[in-house]
Amino acid sequence: MTSTLLEEAFKVIPSQQLLVNVVSKRVRQLTAGHRPMVETGPRMGFSDIALKEIIEGKLQFEPASAESEDGKN
């Protein structure tokens with residue numbers, strides 16, 4: 001994982017815990033065969049791809065509402 005990508009992605013998603021969750025979910029998707037939404041280089045790992053997608057605004061997330069956090073959808 002490239003530290004510059006991590007720093008840039010942290011500007012988009014300032015919560016470290018949320019950033020980790022978004023990246024790990026996307027890495028699972030890429031591992032399962034989903035195609036990257038950004039141009040990739042030959043040495044880019046799945047986490048680098050996920051971070052680049054966040055930086056370029058290709059990967060969006062929705063914060064959970066207070067109701068769904070309580071489990072009372």
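All values below were derived from every heavy atom in this structure, side-chain atoms included, with hydrogens, water molecules and symmetry-related copies excluded.
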- Item | Approximate separation, where rounding is to 0.5 Å, of Glu7 CD and Thr2 OG1 | 10.5 Å
Side-chain donor-acceptor pairs under 3.5 Å in residues 30-40, sequence neighbours left out?
| residue | atom | partner | partner atom | Å |
| --- | --- | --- | --- | --- |
| Thr31 | OG1 | Val27 | O | 2.7 |

- Residue pair Leu5 / Ile55: nearest heavy atoms and the distance that separates them: O-CD1, 3.4 Å
- Item | Residues which pass side-chain hydrogen bond (donor to acceptor under 3.5 Å, both in side chains) with Gln29, listed by chain and number, not counting sequence neighbours | Arg26
- Task: Measure the NZ-CG distance between Lys25 and Leu59 for me, rounded to the nearest 0.5 Å.
- Result: 9.5 Å
Which side-chain N or O atoms in residues 10-19 pair as donor and acceptor under 3.5 Å with protein atoms at least two apart or in another chain?
| residue | atom | partner | partner atom | Å |
| --- | --- | --- | --- | --- |
| Lys11 | NZ | Glu8 | OE2 | 3.2 |
| Ser15 | OG | Leu18 | N | 3.3 |

- Task: Could you check Lys52 against Lys58 for side chain to side chain contact (heavy atoms under 4.5 Å, CB included), going step by step and ending with a plain yes or no?
- Result: CA-CA 8 Å; Lys52 192 171 177 186; Lys58 305 279 184 177; over 6 Å; no
